[in-house]
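Here the structure comes first, spelled out in structure tokens, and everything after it is commentary.
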2 protein chains.
Amino acid sequence: MISQTEENYLKALWNLTSTKGEASVNELSKQLDIKMPTVNSMMKRLAEKGLVNYESYKPLKLTDKGKKLAALIIRKHRLTEMYLVEKMGFGWEEVHDIAEQIEHIQSPAFFEKMDELLGYPKIDPHGSPIPDKNGKVETEQYIRYIKLSDCKEGDTVTFMAVSHSSDELLKFLNSRDLALGSKIKVKSIEPFDESMTVSYASRKAEMLSNKVCDKLLVRPV
Amino acid sequence: MISQTEENYLKALWNLTSTKGEASVNELSKQLDIKMPTVNSMMKRLAEKGLVNYESYKPLKLTDKGKKLAALIIRKHRLTEMYLVEKMGFGWEEVHDIAEQIEHIQSPAFFEKMDELLGYPKIDPHGSPIPDKNGKVETEQYIRYIKLSDCKEGDTVTFMAVSHSSDELLKFLNSRDLALGSKIKVKSIEPFDESMTVSYASRKAEMLSNKVCDKLLVRPV
DNA sequence: GTAATAAGTTAGATGATTCTAACAAAATCA
DNA sequence: TGATTTTGTTAGAATCATCTAACTTATTAC
């Protein structure tokens, strides 16, 4: 059996390794806000359980078993977020903390029911893909998304997802009426700080800092 | 702060003390399937926190603070059960184990939303009262319910609640189409084992053992 | 009203999850 | 390349929630 604590380590590791494929004890420690020695011994334990490849002074990797398990936790998290938004009327900026707790519920029937009631969604309210029941992630189109900050003047793109969303960022986007699916046109880019002036829907000219643009994943129209 | 474990002790104590007002370490130990010494030390801890009145060799009682806290956990449990049945389509026999986990979620907004979506229900799917936001329980009519096993031949009653329901009992009731609200007529009582033959809705003559009748709470029509 | 049984308590151990302090290895910088 | 900084590891302690074994108090049964 796997504890909630262990689940949290797996999930954090899954997130950290999604790009590079590996992560350090230090990164994991910072991500979880848990001291390095604690992380170190947990890694040994997860290695014992066949979920992590751990060797002294080497980067951490999830085993296939660990990856699958982590993806299934992420699946529960993202399904929950979608359920909270679609069926309970929460805002996309409110659901993370609740999902963080509900993802640990042990009840296949519960998540099965959510999935069914939602019509088997492929993405969560922030545009992130929901892993399937086998822990497989639909990366096909997702990985093709680019950052708004990498677009050029004159580009027109569709806002597809928010990466590493925080409450604050989501509230900011709410305040600007910037929702998933919006068609965004890059009107100009300020050379000094790389801030963008964009237009979309009812907004003729909105200024977005580079820090914001870096978090918005878009697809060329 | 109070841990999930502590919440479970409080809840069990609340259930045990609901009738007599007090409970023994031994009863609590059996209820939770946790050995007496463990229960004993937990009682000392909860006494430290002002939730339980504990004195050596004396019966256990919840303090007012403990009662309120326990009732609020029961509230979360019962609201969840109602939500699972009403909004997600689960059967009343399936919801206990899920609610047992969800009751520990820390998110006032989450339960607030459930309550709102359900239209502020007063009872759960098994007919038990849902404590209000202040931990007050609507006992007015609930305590007036009597057991079906205490009825006489010829009595006609309404099935209002199931006490201490188990999955097995609920599945049994499902199999006999016996649902809350059913008007039940006691046709005869077998003197030997006190089993009852009753009629209700489409059923002309169903035999119910005393063990079953003892769990069904009814109100005279 | 003792003797036997049940219930309650104390003491000490274990495993999980965390920490700090101290040391070792790797990476970076000058 | 050698010194410094960062990262990783080991050792040892703390807390929580649990246990078993042994002892004490209360209750029940003759």
Side-chain angles (χ1 to χ4, degrees), chain A residues 1-17 19-62 66 69-70 73 100-101 103-104 106, chain B residues 1-17 19-62 66 69-70 73 100-101 103-104 106:
Chain A
M1 248 316 76
I2 181 156
S3 72
Q4 282 198 198
T5 307
E6 289 167 334
E7 288 194 346
N8 285 334
Y9 280 89
L10 278 185
K11 194 165 57 100
L13 205 40
W14 193 86
N15 281 323
L16 283 174
T17 56
T19 41
K20 297 152 284 174
E22 45 185 54
S24 67
V25 172
N26 193 243
E27 288 168 319
L28 194 47
S29 165
K30 280 171 184 156
Q31 174 88 12
L32 291 166
D33 194 23
I34 287 173
K35 295 289 180 291
M36 283 210 292
T38 309
V39 173
N40 191 278
S41 52
M42 181 58 91
M43 287 308 101
K44 288 178 177 175
R45 207 157 96 213
L46 293 181
E48 290 280 310
K49 295 192 177 189
L51 300 168
V52 167
N53 281 323
Y54 172 82
E55 286 179 88
S56 282
Y57 300 105
K58 297 251 179 76
L60 304 166
K61 283 181 213 168
L62 285 167
L69 209 47
I73 301 162
E100 200 76 1
Q101 298 179 67
E103 72 194 5
H104 299 296
Q106 299 296 324
Chain B
M1 253 313 80
I2 182 158
S3 70
Q4 283 199 196
T5 308
E6 289 168 334
E7 288 193 346
N8 286 333
Y9 279 89
L10 277 185
K11 194 166 57 105
L13 206 41
W14 193 86
N15 283 322
L16 283 174
T17 57
T19 43
K20 299 152 285 176
E22 46 186 51
S24 67
V25 173
N26 193 241
E27 288 169 318
L28 194 47
S29 166
K30 280 171 183 154
Q31 175 86 15
L32 292 166
D33 194 24
I34 286 173
K35 295 288 180 292
M36 285 211 292
T38 308
V39 173
N40 192 278
S41 53
M42 181 58 90
M43 288 307 101
K44 288 179 177 173
R45 176 131 57 92
L46 294 181
E48 290 280 312
K49 295 192 176 188
L51 301 168
V52 167
N53 281 323
Y54 172 83
E55 287 178 87
S56 283
Y57 300 106
K58 297 251 178 79
L60 304 166
K61 283 180 214 171
L62 284 168
L69 210 45
I73 301 161
E100 200 76 1
Q101 298 179 68
E103 71 193 7
H104 300 296
Q106 300 294 325

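Values in this document were obtained by computation on a predicted structure and should not be read as measured data. Values reported hereafter were calculated over all heavy atoms of this structure, with side chains retained and with hydrogens, waters and symmetry mates removed. Just so we're on the same page: letters track the sequence lines, and every chain starts at 1.
- Within the model, atoms OH of B:Tyr9 and CG of B:Leu28 stand 7.5 Å from one another, a figure rounded to the nearest 0.5 Å.
- Applying the side-chain contact (heavy atoms from CB on, under 4.5 Å) test to A:Gln101 and every residue at least two apart in sequence or in another chain returns B:Ile105, B:Gln106.
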Sub-3.5 Å pairs of nitrogen or oxygen atoms, protein against nucleotides 11-17 of chain D:
from, atom 1, to, atom 2, distance (Å)
D:dA17, OP1, B:Ser3, OG, 2.7
D:dA17, OP2, B:Arg45, NH1, 2.3
D:dA17, OP2, B:Arg45, NH2, 2.3

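- Rounding to whole angstrom units, CG of residue B:Asp33 and C1' of D:dC19 are separated by 13 Å.
- Salt bridge status for B:Glu55 with B:Lys61: absent, with no side-chain N to carboxylate O gap under 4.0 Å.
- Here the CG atom belonging to B:Leu10 is positioned 5.5 Å from the CG atom belonging to B:Leu69, to the nearest 0.5 angstrom.
- Taking atom NZ of residue B:Lys35 and atom P of nucleotide D:dT20, one finds them 5 Å apart after rounding to whole Å.
- Residues satisfying the side chain to side chain donor-acceptor pair (under 3.5 Å) test with B:Glu100, not counting sequence neighbours, are B:Lys11, B:His96.
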Atom pairs and distances, donor-acceptor, side-chain atoms in residues 31-42 of chain A, under 3.5 Å, two or more places apart:
from, atom 1, to, atom 2, distance (Å)
A:Asn40, ND2, A:Tyr54, OH, 3.4
A:Ser41, OG, A:Pro37, O, 3.3
A:Ser41, OG, A:Thr38, O, 3.1

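- Residue B:Lys44 places at least one side-chain N or O closer than 4.0 Å to OP1 or OP2 of C:dT10.
- By the side chain to side chain donor-acceptor pair (under 3.5 Å) test, B:Thr17 is found to be paired with no residue, residues two or more places apart in sequence or in another chain being considered.
- For B:Lys44, the side chain to side chain donor-acceptor pair (under 3.5 Å) test picks out no residue, with sequence neighbours left out.
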Polar atoms only, N or O, under 3.5 Å: list the protein pairs with nucleotides 25-29 of chain C and their distances.
from, atom 1, to, atom 2, distance (Å)
C:dA25, O4', A:Tyr57, OH, 3.4

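- The stretch residues 24-32 of chain B comes close to DNA chain C through B:Ser24, B:Val25, B:Asn26, each having a heavy atom under 4.0 Å from the strand.
- Between the CG atom of A:Leu60 and the C1' atom of D:dG8 there is a distance of 10 Å, rounded to whole Å.
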Just list the side-chain donor-acceptor pairs under 3.5 Å for residues 46-53 of chain A, sequence neighbours left out, or say none.
from, atom 1, to, atom 2, distance (Å)
A:Lys49, NZ, A:Met1, O, 3.0
A:Lys49, NZ, A:Glu6, OE1, 3.1
A:Lys49, NZ, A:Glu6, OE2, 2.9

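- Legend: residues meeting side chain to side chain donor-acceptor pair (under 3.5 Å) with B:Asn26, ordered by chain and number and at least two apart, are B:Lys30.
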